[in-house]
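Only this structure's heavy atoms are used, side chains among them; waters, hydrogens and symmetry mates stay out. Source: prediction; values computed, not measured.
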Amino acid sequence: MRADNWRETLRDCVVLEVLCKAVLADLRELTDRPLNLSYRVPLEELSRWAERRHHELRRRLREQGCFLLNSKRFDHCYRVELLYGGYQQEALFSVELVKAECQQQMRIWLTEAQADNR
C-alpha cells in the first residue's frame with residue numbers, strides 16, 4: 001500500500017459523509033411534499049449504502065494511523081482536521097469537486113443495485 005493512499009481514502013470518506021448528509025436532507029424535503037411516487041425507499045437504501053461505505057473508510061483510515069477530528073463546510077470548501085503521524089493537519093476539498101464525486105458515488109450505487117437485481 002502506498003504511503004499517500006490515506007489521502008485518497010480521506011477524500012472518499014469526505015465524499016460519502018457529504019452524500020449521506022445530502023440524502024438525509026433530501027429525504028426530509030420529500031417528506032413535506034405531496035408526490036405521485038415514493039422516492040423514500042431508494043433514497044433510504046442509498047443512504048444506508050453510503051453510510052456503510054463511509055464507516056468502512058473511517059475504519060481503514062484509523063488502521064492507516066489517520067484520525068478524523070472535525071469537518072466543516074465553508075463557502076467554497078470543506079475543511080477537515082485530522083491527526084496523522086502524530087501531527088494535526090488539515091485538508092481542504094472543493095465543494096464543487098465533492099458534489100461531482102457525490103454524483104459519481106450515486107452512479108456507482110445505481111450500477112451495483114442494478115447488478116444485484118439481475
Side-chain angles (χ1 to χ4, degrees):
M1 185 176 292
R2 293 188 348 240
D4 281 348
N5 191 37
W6 68 271
R7 293 177 197 274
E8 294 170 21
T9 305
L10 176 64
R11 184 198 65 226
D12 292 345
C13 190
V14 169
V15 167
L16 288 165
E17 179 180 4
V18 170
L19 180 59
C20 286
K21 289 178 181 179
V23 170
L24 291 175
D26 288 349
L27 277 168
R28 281 192 298 277
E29 285 290 319
L30 287 176
T31 301
D32 297 337
R33 302 189 189 284
L35 301 170
N36 292 325
L37 297 173
S38 175
Y39 301 97
R40 185 167 206 69
V41 172
L43 285 176
E44 287 172 346
E45 289 176 13
L46 172 59
S47 177
R48 283 191 295 274
W49 176 85
E51 188 173 1
R52 278 192 308 272
R53 294 202 53 205
H54 176 252
H55 287 295
E56 175 187 322
L57 292 173
R58 280 187 75 116
R59 180 186 51 74
R60 197 178 308 165
L61 284 170
R62 284 191 303 271
E63 289 171 356
Q64 295 173 346
C66 180
F67 300 91
L68 302 183
L69 304 174
N70 189 21
S71 64
K72 186 173 181 179
R73 180 183 171 168
F74 293 94
D75 288 337
H76 300 288
C77 71
Y78 289 95
R79 180 176 176 254
V80 179
E81 295 176 354
L82 57 117
L83 189 63
Y84 182 73
Y87 295 97
Q88 188 168 342
Q89 301 182 32
E90 74 175 22
L92 300 175
F93 299 93
S94 160
V95 168
E96 292 303 316
L97 171 77
V98 172
K99 284 182 181 181
E101 290 287 332
C102 283
Q103 293 293 327
Q104 180 62 26
Q105 289 298 320
M106 283 180 50
R107 283 191 284 280
I108 291 169
W109 172 73
L110 283 169
T111 301
E112 288 179 7
Q114 287 173 344
D116 290 345
N117 289 331
R118 289 183 186 154

Hey, what do you get for CG (Leu19) to CD (Gln104), rounding to the nearest 0.5 Å?
11.5 Å

Quick one: do Leu46 and Leu30 end up in the same hydrophobic cluster if we chain Ile, Leu, Val, Met, Phe, Trp and Tyr together by side-chain heavy atoms under 4.5 Å apart?
yes

Quick one: does Leu57's side chain get under 4.5 Å of Arg60's, heavy atoms only?
yes

Can you tell me how far apart CD (Glu17) and CG (Asp12) are? Round to the nearest 0.5 Å.
13.0 Å

Per-pair distances, 0.1 Å, donor-acceptor, side chain in residues 47-55, under 3.5 Å, sequence neighbours excluded:
{"unit_1": "Trp49", "atom_1": "NE1", "unit_2": "Glu112", "atom_2": "OE1", "d": "3.0"}
{"unit_1": "Arg53", "atom_1": "NH1", "unit_2": "Gln105", "atom_2": "OE1", "d": "2.9"}

Roughly how far, to the nearest 0.5 Å, is the CG atom of Leu61 from the CG atom of Asn5?
9.0 Å

Please round to the nearest 0.5 Å and tell me the distance separating atom OH of Tyr84 and atom CZ of Arg7.
8.0 Å

If you apply the rule side chain to side chain contact (heavy atoms under 4.5 Å, CB included), what do you find for Val98 with Val95, and how did you get there?
CA-CA 5 Å; Val98 172; Val95 168; 5.8 Å; no

Heavy-atom side-chain proximity of Leu68 to Cys13 below 4.5 angstrom
yes

Do Phe67 and Leu16 belong together in a cluster built from hydrophobic side chains that touch within less than 4.5 Å?
no

Candidate pair Lys99 and Val18, rule side chain to side chain contact (heavy atoms under 4.5 Å, CB included), full reasoning:
CA-CA 8 Å; Lys99 284 182 181 181; Val18 170; over 6 Å; no

Please round to the nearest 0.5 Å and tell me the distance separating atom CZ of Arg11 and atom CH2 of Trp6.
12.5 Å

Group every Ile, Leu, Val, Met, Phe, Trp and Tyr by side-chain heavy-atom contacts under 4.5 Å, then state whether Leu69 and Phe93 land in the same group.
no

Are Leu83 and Tyr78 connected into the same hydrophobic cluster when the rule is that any two of I, L, V, M, F, W, Y join if their side-chain heavy atoms are below 4.5 Å apart?
no

I'd like to know whether CZ of Phe74 has more than 12 heavy-atom contacts from other residues, nucleotides or ligands below 6.0 angstrom.
yes

The reported gap from CZ in Arg58 to CG in Leu10 (rounded to nearest 0.5 angstrom) is 10.0 Å

In terms of hydrophobic clustering (I, L, V, M, F, W, Y; side-chain heavy atoms under 4.5 Å; direct or indirect links), are Leu43 and Leu110 co-clustered?
yes

